[in-house]
Engineer: 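Before we start, here is the structure in question, set down as structure tokens.
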There are 2 protein chains.
Amino acid sequence: MNNFNWQWWQYFLAIADQGSLSKAASILGVSQPTLSRQLLAMENQLSQTLFDRSTQGLELTTFGQGLLEECRLMQESALRLQRLADGQSQILSGRIRLSANEMIALYYLPNILPDFQDRYPQLKVEIEVNNKASNLDKRDADVAIRMFKPVQLDLIVKHLFDLPLNFYASQDYIEKHGCPQNSNEFLQHRLLGYDRDTQFEEGARRLGWNLKNESFMFRCDFMPLHLELAKQGGGIVGTHKSLCDRYGLVPIDVGIEIPPLPVFLVCHRDVQHNKRIRVMMDFLIERLEGALD
Amino acid sequence: MNNFNWQWWQYFLAIADQGSLSKAASILGVSQPTLSRQLLAMENQLSQTLFDRSTQGLELTTFGQGLLEECRLMQESALRLQRLADGQSQILSGRIRLSANEMIALYYLPNILPDFQDRYPQLKVEIEVNNKASNLDKRDADVAIRMFKPVQLDLIVKHLFDLPLNFYASQDYIEKHGCPQNSNEFLQHRLLGYDRDTQFEEGARRLGWNLKNESFMFRCDFMPLHLELAKQGGGIVGTHKSLCDRYGLVPIDVGIEIPPLPVFLVCHRDVQHNKRIRVMMDFLIERLEGALD
DNA sequence: TAATGGATATTCAAATATGAATAACTTTAA
DNA sequence: TTAAAGTTATTCATATTTGAATATCCATTA
């Protein structure tokens with residue numbers, strides 16, 4: 001009776017999402033001809049066409065569209081099952097994926113991760129460096145370091161500490177352009193700002209400032225570049241207090257207090273008891289704060 | 001990343017439900033060794049045991065139990081997908097499953113089904129004869145004839161007609177035992193009643209009677225037997241008015257009016273536009289009432 | 001116009017998964 | 001105690017599925 005292979009729905013969804021047999025096949029870990037034939041078999045059994053083919057790829061028919069939504073629900077179950085299963089794993093080998101933004105990845109993790117690998121040599125560590133919050137539901141990452149508190153209910157969140165922030169410039173810069181003495185002077189200086197990232201804008205608005213991204217002379221969302229620029233005397237950067245010494249930067253005090261940046265450690269509730277994930281989180285709890293020397 | 005085959009969950013659920021590789025394999029349409037190996041591969045990938053084996057079969061480990069519930073949700077999606085897909089089918093060949101109780105199956109369907117098969121020779125008709133309501137969610141049947149109005153929201157229900165009921169006995173019986181003239185006399189007679197089926201009991205209670213199953217002299221849930229017994233002069237039967245002529249039964253009027261039995265035609269909302277199902281329902285709407293000659 | 005790149009479908013040798021048969025075991029029934 | 005009937009695991013020849021290579025098509029670009 002129930003002769004429909006669930007794997008077919010998995011195939012169907014991958015093809016629909018990718019819009020191409022080749023891409024879907026590569027993600028699914030099968031070859032394009034295999035996927036082509038499986039899809040044909042599926043359509044054959046349904047006596048219905050799921051996708052319109054072209055040399056540009058595949059597009060859902062209206063029939064196929066009618067199945068997509070429920071298929072996504074099925075995928076959610078599948079993902080949840082995988083999390084539930086993996087969540088029980090007490091194996092200390094395999095891979096663990098950590099998500100962090102560029103600043104954490106570049107300035108804090110290198111100090112401590114070698115120790116982790118010494119302690120757990122069987123564990124392969126994969127770091128996803130990304131300003132976007134990666135999807136813990138889909139296990140794009142196992143553990144994430146976030147600078148904001150996630151609201152999603154099925155996530156386990158631990159507040160680690162707060163990163164003090166301030167404005168800094170190099171000694172060179174100050175000698176050349178002088179040190180601003182108040183906020184009006186400050187705004188006339190070469191401020192290193194953001195491009196599409198609105199986090200800073202929003203922070204400023206909460207402090208009652210009208211500081212648009214457009215007001216900055218130099219704009220870039222890749223924060224490490226701000227630091228390097230500031231180091232070369234390129235301008236004033238708002239960044240972590242713990243980094244100024246390393247970069248030979250001096251604080252600029254114009255009576256503006258930047259609220260410190262909270263740091264959270266996050267994992268999915270379903271996998272919180274996974275041993276690999278547990279040891280990674282414990283390690284980060286133990287060592288990350290100390291990495292801010 | 002997402003290297004888990006959805007088919008494995010299908011296997012997992014079937015094994016959990018059947019409690020045996022052999023049974024599950026037969027249902028899934030694979031061989032027992034195949035299923036045994038697939039399960040092993042699955043457990044291997046999870047590095048966890050899903051079932052404890054014995055020569056009696058397989059039993060879920062606590063780990064496996066933790067996955068069962070979500071797996072059932074996944075199955076619901078799979079079943080819904082299949083209904084949605086099948087629901088669009090405009091093919092007039094294949095099988096169609098009809099669910100009916102014993103009375104309908106035995107006394108009304110034989111009159112009309114041959115015409116259906118003449119009209120749609122490509123369609124194989126399967127009849128599930130069952131007093132229980134078969135599961136339209138799981139497609140145990142495509143179309144069901146029910147004597148009660150289903151409450152489930154995702155079912156399409158059409159009220160066909162009402163079957164008049166009355167009490168009957170054979171001429172022989174009446175000559176031998178006399179015809180009861182009032183309800184007190186009536187209750188002293190040989191009434192043919194039910195065993196575990198409480199539908200009649202409940203109907204009687206709604207009419208203000210205290211008529212327990214235990215009060216009957218002869219008890220059986222298989223209604224056609226009641227009719228045959230009554231025909232042989234075995235007692236008084238409460239049954240369809242339309243059957244009394246065929247069986248040479250005469251009505252017994254003791255001032256008790258049995259409310260007529262409503263007849264509903266039911267299919268799942270998801271498959272209501274399926275052509276096979278459509279023609280079967282149209283046929284039954286057209287012909288079933290006439291079968292009550 | 002011709003070349004390129006990206007797409008699906010087909011071919012065919014090779015790897016893989018399958019199932020009949022069987023082994024090994026346990027419970028139940030005789 | 002033995003036989004029967006049920007279970008899962010293993011073996012091995014077979015059948016199926018797979019993927020590299022290829023054909024073919026179409027849009028884009030030089």
Side-chain angles (χ1 to χ4, degrees), chain A residues 1-65 67-68 71 78 85, chain B residues 1-65 67-68 71 78 85:
Chain A
M1 184 71 210
N2 195 1
N3 53 0
F4 211 89
N5 186 331
W6 287 10
Q7 189 171 30
W8 276 350
W9 295 121
Q10 193 173 15
Y11 286 171
F12 168 73
L13 191 58
I15 298 169
D17 279 343
Q18 299 301 317
S20 139
L21 287 182
S22 337
K23 288 187 193 126
S26 125
I27 287 178
L28 292 166
V30 298
S31 71
Q32 173 265 322
T34 296
L35 200 54
S36 170
R37 276 177 301 220
Q38 291 293 330
L39 177 58
L40 235 34
M42 189 173 173
E43 293 178 320
N44 206 43
Q45 178 151 123
L46 295 176
S47 308
Q48 293 260 13
T49 307
L50 289 166
F51 295 93
D52 288 326
R53 273 78 157 174
S54 78
T55 53
Q56 263 61 12
L58 292 85
E59 203 173 357
L60 278 170
T61 60
T62 48
F63 172 62
Q65 279 167 23
L67 305 175
L68 193 57
C71 205
Chain B
M1 183 73 211
N2 196 2
N3 52 358
F4 211 90
N5 187 332
W6 287 10
Q7 190 171 30
W8 276 349
W9 295 121
Q10 193 173 13
Y11 287 171
F12 168 73
L13 190 58
I15 298 169
D17 280 342
Q18 298 302 317
S20 139
L21 287 183
S22 337
K23 288 187 193 128
S26 125
I27 286 179
L28 292 167
V30 298
S31 71
Q32 173 265 320
T34 295
L35 198 55
S36 170
R37 276 177 301 224
Q38 291 293 332
L39 176 59
L40 237 34
M42 189 172 171
E43 293 178 320
N44 206 43
Q45 178 153 122
L46 295 175
S47 308
Q48 294 259 14
T49 307
L50 289 166
F51 295 93
D52 289 325
R53 272 77 157 176
S54 79
T55 54
Q56 264 60 12
L58 290 86
E59 202 172 359
L60 277 171
T61 60
T62 48
F63 171 62
Q65 278 167 23
L67 304 176
L68 193 57
C71 206

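Just so it is clear: chains get the letters A, B, ... in the order the sequence lines come, proteins before strands, and each one is counted from 1. These figures come from a predicted structure and were not determined experimentally.
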Engineer: Please enumerate all protein N or O atoms sitting under 3.5 Å from an N or O of nucleotides 3-6 of chain C, with distances to 0.1 Å.
Structural biologist:
none

Engineer: With side chains defined as the heavy atoms from C-beta onward, is the minimum distance between B:Phe12 and B:Leu68 less than 4.5 Å?
Structural biologist: yes
Engineer: Which listed nucleotide (C:dA7, C:dA9, C:dA21) is nearest to the side chain of A:Ser36?
Structural biologist: C:dA9
Engineer: Only one of A:Tyr11, A:Phe4, A:Trp6 forms a ring pair (Phe, Tyr, Trp, His ring centres under 6.0 Å) with A:Trp8, so which one is it?
Structural biologist: A:Phe4
Engineer: May I have the distance from A:Leu58 (atom CG) to C:dT8 (atom P), rounded to whole angstrom?
Structural biologist: 5 Å
Engineer: Between the protein and nucleotides 16-18 of chain C, list the N/O to N/O atom pairs that are separated by less than 3.5 angstrom.
Structural biologist:
| unit_1 | atom_1 | unit_2 | atom_2 | d |
| --- | --- | --- | --- | --- |
| C:dT18 | OP2 | B:Gln38 | NE2 | 2.9 |

Engineer: Which residue lies toward the 5' end of DNA chain C, A:Arg53 or B:Leu35, if each is placed at its nearest nucleotide?
Structural biologist: A:Arg53
Engineer: What distance do B:Gln18 atom CD and B:Leu13 atom CG have between them, rounded to the nearest 0.5 Å?
Structural biologist: 9.5 Å
Engineer: Identify whether any heavy atom of B:Ser22 sits under 4.0 Å from a base atom; if not, whether one sits that close to sugar-phosphate; answer base, sugar-phosphate or nothing.
Structural biologist: base
Engineer: Going by the rule side-chain hydrogen bond (donor to acceptor under 3.5 Å, both in side chains), which residues pair with B:Asp17 if we only count those two or more places apart in sequence or in a different chain?
Structural biologist: B:Arg72
Engineer: If you look only at distance, which donor and acceptor atoms sit under 3.5 Å apart when one is on a side chain in residues 21-32 of chain A and the other is two or more places apart or in another chain?
Structural biologist:
| unit_1 | atom_1 | unit_2 | atom_2 | d |
| --- | --- | --- | --- | --- |
| A:Ser31 | OG | A:Thr34 | N | 3.3 |
| A:Ser31 | OG | A:Thr34 | OG1 | 3.0 |

Engineer: Without placing hydrogens or testing angles, list every side-chain donor-acceptor pair under 3.5 Å for residues 56-64 of chain B, not counting sequence neighbours.
Structural biologist:
| unit_1 | atom_1 | unit_2 | atom_2 | d |
| --- | --- | --- | --- | --- |
| B:Thr61 | OG1 | B:Thr49 | O | 2.8 |
| B:Thr61 | OG1 | B:Leu50 | O | 3.1 |
| B:Thr61 | OG1 | B:Phe63 | N | 3.4 |
| B:Thr61 | OG1 | B:Gly64 | N | 3.0 |

Engineer: Is any N or O donor-acceptor pair between the side chain of A:Gln32 and the base of C:dA7 shorter than 3.5 Å?
Structural biologist: no
Engineer: Provide the start and end nucleotides, 5' to 3', of the part of DNA chain D that has atoms under 4.0 Å from heavy atoms of chain A.
Structural biologist: D:dT18 to D:dA27
Engineer: Please assess A:Leu39 against A:Arg53 for the test side chain to side chain contact (heavy atoms under 4.5 Å, CB included), listing each intermediate value before the final yes or no.
Structural biologist: CA-CA 11 Å; A:Leu39 177 58; A:Arg53 273 78 157 174; 3.5 Å; yes
Engineer: Atom CE in A:Met42, atom CD in A:Gln48: separation rounded to 0.5 Å?
Structural biologist: 11.5 Å
Engineer: Looking at every heavy atom in both A:Ala85 and B:Trp9, which two are closest together, and how far apart are they?
Structural biologist: CB-CH2, 4.4 Å
